[in-house]
Participant: 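Sharing a structure here in structure tokens format.
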Amino acid sequence: MKPPRVLDSSAMVDLFGGHTELGKMLTEALNGELHLLLPTAALADAEDRLGAGTVGWEPVLLTPGVTSLPLTEHAAIEVGQLPGELAARHAVHEASALNAIIVTRKPGAYEGQRTSLLVV
């Protein structure tokens, strides 16, 4: 199986916009070929831009192979020490903890961070 992928808020927004490669990743997750991880800080940021509501998110969140990652107290303390926007910092923390790759449409959000990116 491929390393897990952490979708950042830009990737989540473009997933809803019908981005082909992101749609393929969701299908791979459904088929058990890939694990997609959604940090909740990035999910909140994406929802702010999308306004999809619970009904819009349920098909994604209920897909086998997709897991949301809450910002726990311990993670919040670590994330609070990183530079950049909260959603990107949460993605970096989770990717680091899980040896995952961050999927993004905005690589500039990760300047100065030590993380693996997949720009789609």
Side-chain angles (χ1 to χ4, degrees):
M1 185 182 274
K2 298 175 184 178
R5 305 293 195 261
V6 175
L7 297 187
D8 77 356
S9 59
S10 68
M12 289 182 213
V13 168
D14 284 356
L15 174 64
F16 275 78
H19 189 278
T20 304
E21 193 170 343
L22 292 165
K24 287 179 184 176
M25 285 184 195
L26 188 61
T27 300
E28 288 181 69
L30 176 66
N31 294 334
E33 301 163 1
L34 180 65
H35 197 170
L36 293 180
L37 307 169
L38 310 180
T40 54
L43 200 151
D45 190 42
E47 172 58 15
D48 181 53
R49 290 187 252 160
L50 291 167
T54 303
V55 172
W57 282 98
E58 279 182 351
V60 174
L61 295 173
L62 296 177
T63 299
V66 174
T67 304
S68 65
L69 302 170
L71 182 58
T72 64
E73 295 89 352
H74 176 73
I77 292 166
E78 290 183 22
V79 164
Q81 299 172 22
L82 299 174
E85 297 177 12
L86 176 61
R89 291 183 282 161
H90 189 195
V92 168
H93 171 79
E94 297 298 349
S96 175
L98 299 167
N99 291 321
I101 298 167
I102 297 173
V103 179
T104 186
R105 300 280 290 150
K106 296 185 177 180
Y110 300 93
E111 277 187 38
Q113 299 286 352
R114 296 179 58 128
T115 191
S116 296
L117 294 179
L118 174 60
V119 181
V120 293

Participant: To the nearest 0.5 Å, tell me how far Lys106 NZ sits from Glu85 CD.
Facilitator: 8.0 Å
Participant: Checking side-chain contact (heavy atoms from CB on, under 4.5 Å) between Leu38 and each of Leu15, Val60, Thr67, which is the one that passes?
Facilitator: Val60
Participant: Rounded to the nearest 0.5 Å, what separation is found between the CD atom of Glu94 and the CG atom of Asn99?
Facilitator: 12.5 Å
Participant: Working to the nearest 0.5 angstrom, can you tell me the gap between Arg5 CZ and Leu36 CG?
Facilitator: 8.5 Å
Participant: Could you pull out the closest heavy-atom pair between His93 and Ala75, with the gap in Å?
Facilitator: NE2-CB, 3.4 Å
Participant: Same cluster or not: Trp57 versus Leu71, using hydrophobic residues (I, L, V, M, F, W, Y) connected whenever any side-chain heavy atoms lie under 4.5 Å apart?
Facilitator: no
Participant: Going by heavy atoms in the side chains, are Met25 and Val120 under 4.5 Å from each other?
Facilitator: yes
Participant: Taking all heavy atoms of Ser9 and all of Ala42, pick out the closest pair and write down the distance.
Facilitator: CB-O, 3.3 Å
Participant: I'd like to know if Leu43 and Leu98 are part of one continuous hydrophobic network [Ile/Leu/Val/Met/Phe/Trp/Tyr, side-chain heavy atoms within less than 4.5 Å].
Facilitator: no
Participant: Can you give me the closest heavy-atom contact between Glu78 and His74, atom names plus distance?
Facilitator: OE2-NE2, 2.6 Å
Participant: To the nearest 0.5 Å, what is the distance between CG on Leu30 and CG on Leu26?
Facilitator: 7.0 Å
Participant: Table please: side-chain donor-acceptor pairs of residues 107-119 below 3.5 Å, with sequence neighbours left out.
Facilitator:
residue : atom : partner : partner atom : Å
Tyr110  : OH   : Asp8    : OD2          : 2.8
Gln113  : NE2  : Pro83   : O            : 3.0

Participant: Would you tell me whether Ser10 and Thr104 have side-chain atoms, one donor and one acceptor, within less than 3.5 Å of each other?
Facilitator: yes
Participant: Does the side chain of Pro39 reach to within under 4.5 Å of the side chain of Arg89, using non-hydrogen atoms?
Facilitator: no
Participant: Are Val79 and Val92 connected in the hydrophobic side-chain network, where two residues link if heavy atoms are under 4.5 Å apart?
Facilitator: no
Participant: Is it possible for you to say whether Met12 and Leu34 belong to one hydrophobic cluster, with membership spreading through side-chain heavy-atom contacts below 4.5 Å?
Facilitator: yes
Participant: For a quick test of reading the model, state the closest non-hydrogen atom pair linking Ala87 to Ala41 and the distance between them.
Facilitator: CB-O, 3.8 Å
Participant: Would you say Leu61 and Leu37 are hydrophobically clustered, going by side-chain heavy atoms of ILVMFWY under 4.5 Å?
Facilitator: no
